[in-house]
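Below is one structure, written out as structure tokens; the observations come after it.
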Amino acid sequence: MLFVSLILSSILVADDARPPELGRVAFGSDLDAALALSKSSGKPVFVLFDEIPGCATCKGFGRGPLSNPLLVEAIETLFVPMVIHNNVGGADAAALKRFNEPAWNNPVVRFLDAHGTDVVARADGVWSESGIADRLVAALTSAHRDVPGWLMLARDELDETQPARAVFSMSCFWEGQGRLGAIEGVVDARPCFVNGSEACEVLFRPSRVSYSALVKRARELECAGTVWAVDADQEKQANAIANGNVKHLSSPVRPAPDSDDLRSLKPDTLLMSLPLTRAQRVRANGLRRAGEELEGKAITHRQVVLAAYVKGAMGGRPEVLEGLEYPSDARKLAEYEDQLRARIGQQH
């Protein structure tokens, strides 16, 4: 541990000296130290080659993927983060030559093992949160490292493609949202009404869970009294599984009141105060209803630690969260977390 601490103290860029191009990630700046830490920890190295100070693309990358709280935690805890400036001399210029990277270039992220070999193939132009999330998962998988459930969930939620949609009627949409929201590949589950019956509208990633598999699981969980097919293909697949309990959805669903959303999570003021994304809240709601552990699956270790600080602050000052509004825009979760930490007097 002492060896690791010494390396960390030598490679991390101080918060007050961090340029906007680096977002919220605490990057190291010593390649040899980063490779040594990779060797001792087994973590791949997350290397950012960037122009600093840089153009709008460079700064946008810092404000985007490098400021997303979940991606920041993944980069800092599952990888060894370091930055190589592509517009200076010295050791950085030598590193550019070693890795055959161009000078004065837009951001390029590479994932290396302890020998400096790419874990996944180099790629240009990956500047979106979705793209970086994909590559984080791919790099961990290629390096034979565990991918935590919360990172898989973040990747599924950040995916810029339109999620698939499924609708099921059940006896209680509180149970339906909880049970269906806990399924891997589901990014949202919302209580609603269809033809006067309680139902749940599910958004999911077919690459993670197929429609047929979702229907089968919904029936196993007793959350598919009626399967409402949104198109002919769904109707065909559903009839092969739930023949006689399939109907075509011909009109929009009617959303349930907000008070019926996340019924198992809302009574927990502490969890509801955390800067969780919508998908995290839905997954946590489902796991909480099933009595399962949330950490690792729905929420991160840092979020668990933050919850402990919030709990401590609320114990002494119950009013500490009054007036703090959870943002409707997920892009503002980092700012919300800053406000929450300021309220409880706890910094990153």
Donor-acceptor pair, side chain of R283 and main chain of I183, under 3.5 angstrom = yes
Using only heavy-atom distances, determine whether the side chains of S197 and N195 contain a donor-acceptor pair under 3.5 Å.
-> no
Side-chain H-bond candidate by donor/acceptor type, H301 with E295, under 3.5 Å | yes
What distance do K332 atom NZ and Q339 atom CD have between them, rounded to the nearest 0.5 Å?
-> 10.0 Å
Nearest heavy-atom approach of Y336 to Y326 is CE1-CA, 3.7 Å
Atom pairs and distances, donor-acceptor, side-chain atoms in residues 237-258, under 3.5 Å, two or more places apart:
residue	atom	partner	partner atom	Å
Q237	OE1	S212	OG	2.7
Q237	NE2	D233	OD2	2.8
N239	ND2	E235	O	3.0

For the residue pair R155 and S130, confirm or rule out a side-chain donor-acceptor distance under 3.5 Å.
-> no
F193, CZ: over 12 other non-hydrogen atoms inside 6.0 angstrom = yes
Going only through I, L, V, M, F, W and Y residues with side-chain contacts under 4.5 Å, is there a path from V304 to W150?
-> no
Just wondering, are more than 12 heavy atoms of other shown residues or ligands nearer than 6.0 Å to CZ in R122?
-> yes
Residues Q177 and D261: side-chain donor-acceptor under 3.5 angstrom = yes
With distance as the sole criterion, is a donor-acceptor pair present between the side chains of W174 and D260 under 3.5 Å?
-> yes
Do L22 and L70 share a hydrophobic cluster (ILVMFWY, side-chain heavy atoms under 4.5 Å, transitive)?
-> yes
Please round to the nearest 0.5 Å and tell me the distance separating atom CG of L48 and atom CD1 of I132.
-> 8.5 Å
What do the steps show when you test E175 against M170 for side-chain contact (heavy atoms from CB on, under 4.5 Å), and what is the final call?
-> CA-CA 8 Å; E175 291 289 341; M170 67 280 300; 5.9 Å; no
Decide if atom NZ of K216 counts as having more than 12 heavy atoms of other residues, nucleotides or ligands within a radius under 6.0 Å.
-> no
Can you find a side-chain donor-acceptor pair between N68 and E129 that sits under 3.5 Å?
-> yes
How close do A279 and L153 get, heavy atom to heavy atom, and via which atoms?
-> O-CD2, 3.6 Å
If you measure from SG on C55 to CG on N106, what distance do you get to the nearest 0.5 Å?
-> 4.5 Å
Test the R190-F173 pair against the cation-pi criterion, namely NZ or CZ under 6.0 angstrom from the six-membered ring centroid and within 45° of the ring axis.
-> no
Apply the test side-chain contact (heavy atoms from CB on, under 4.5 Å) to residues L321 and L324: give CA-CA distance (whole Å), side-chain angles for both, the deciding distance (0.1 Å), then the verdict.
-> CA-CA 6 Å; L321 300 181; L324 185 64; 4.2 Å; yes
Is it true that E220 and R217 make a salt bridge, defined as a side-chain N closer than 4.0 Å to a carboxylate O?
-> yes
Is R165 paired with D188 through a side-chain N to carboxylate O contact shorter than 4.0 Å?
-> no
Can you establish whether the number of heavy atoms outside E222 located under 6.0 Å from its atom CD is more than 12?
-> no
Within a strict 4.5 Å, meaning less than it, do heavy atoms of the V187 and V202 side chains meet?
-> no
Using a 4.5 Å cut-off on heavy atoms from C-beta on, say whether the side chain of K59 contacts that of F61.
-> no
Working for side-chain contact (heavy atoms from CB on, under 4.5 Å), residues F49 and V83 | CA-CA 6 Å; F49 296 88; V83 59; over 6 Å; no
What class does the angle between the rings of F27 and F46 fall in, given that below 30° is parallel, 30 to 60° is tilted and above 60° is perpendicular?
-> tilted
Step-by-step side-chain contact (heavy atoms from CB on, under 4.5 Å) determination, F168 to W228 | CA-CA 6 Å; F168 305 98; W228 293 92; 5.9 Å; no
Starting at OG of S273, measure out to CZ of R343 and round the result to the nearest 0.5 Å.
-> 11.0 Å
Please tell me if the side chains of R278 and V282 come closer than 4.5 Å, counting only heavy atoms from C-beta onward.
-> yes
Greater than 12 external heavy atoms within 6.0 Å of D146's CG | no
Do S41 side-chain atoms and L37 backbone N/O form a donor-acceptor pair below 3.5 Å?
-> yes
Got a sec: does the CG of D124 have more than 12 other heavy atoms crowding it under 6.0 Å?
-> yes
Please check if V305 and L274 belong to a single hydrophobic cluster, counting links between Ile, Leu, Val, Met, Phe, Trp and Tyr side chain heavy atoms closer than 4.5 Å.
-> yes
Answer whether the closest heavy-atom distance between the side chains of V108 and D50 falls below 4.5 Å.
-> no
Would you check if V227 and Y211 make a side-chain contact, meaning some heavy-atom pair closer than 4.5 Å?
-> yes
Taking atom OG of S29 and atom CE of M82, what is their separation to the nearest 0.5 Å?
-> 6.5 Å
Side chains of E51 and H85: closer than 4.5 Å at any heavy-atom pair?
-> no
Determine yes or no for a side-chain-to-main-chain donor-acceptor pair under 3.5 angstrom, with S142 supplying the side chain and A138 the backbone.
-> no
Can you see which heavy atom on V209 is nearest to which on F204, and at what distance?
-> O-CD1, 3.4 Å
Once you round to the nearest 0.5 Å, how far does CG of N285 lie from CG of L262?
-> 5.0 Å
Does atom CD of E319 have more than 12 heavy-atom neighbours, drawn from other residues, nucleotides or ligands, at distances under 6.0 Å?
-> yes
What are the two closest non-hydrogen atoms of P44 and S38, and how far apart are they?
-> CA-OG, 4.2 Å
Do you reckon L265 sits in the same ILVMFWY cluster as L287, going by side-chain contacts under 4.5 Å, direct or chained?
-> yes
Sidechain-backbone polar pair: R289 side chain, A284 backbone, donor-acceptor under 3.5 Å | no
Contact check, side chains of V45 and L35, non-hydrogen atoms, under 4.5 Å = yes
Among pairs that include at least one residue of residues 298-317, which meet salt bridge (Lys or Arg N to Asp or Glu O under 4.0 Å), considering only residues two or more places apart or in two chains?
-> E76-R302
Is a donor on one side and an acceptor on the other found under 3.5 Å between the side chain of E337 and the backbone of P275?
-> no
W127 vs T57, side chain to side chain donor-acceptor pair (under 3.5 Å): CA-CA, chis, key distance, verdict = CA-CA 8 Å; W127 304 319; T57 299; over 6 Å; no
M314 to L270 - nearest heavy-atom pair and separation = SD-CD1, 4.4 Å
Minimum heavy-atom separation for T277 to L333, with atom names?
-> CG2-CD1, 3.7 Å
Indicate, with yes or no, if M152 and L214 share a hydrophobic cluster defined by side-chain heavy-atom contacts under 4.5 Å among Ile, Leu, Val, Met, Phe, Trp and Tyr.
-> no
Any E73 side-chain heavy atom under 4.5 Å of L78 side chain | no
Distance only, no hydrogens: is a donor on one side chain within 3.5 Å (strictly under) of an acceptor on the other, for Q303 and Q280?
-> yes
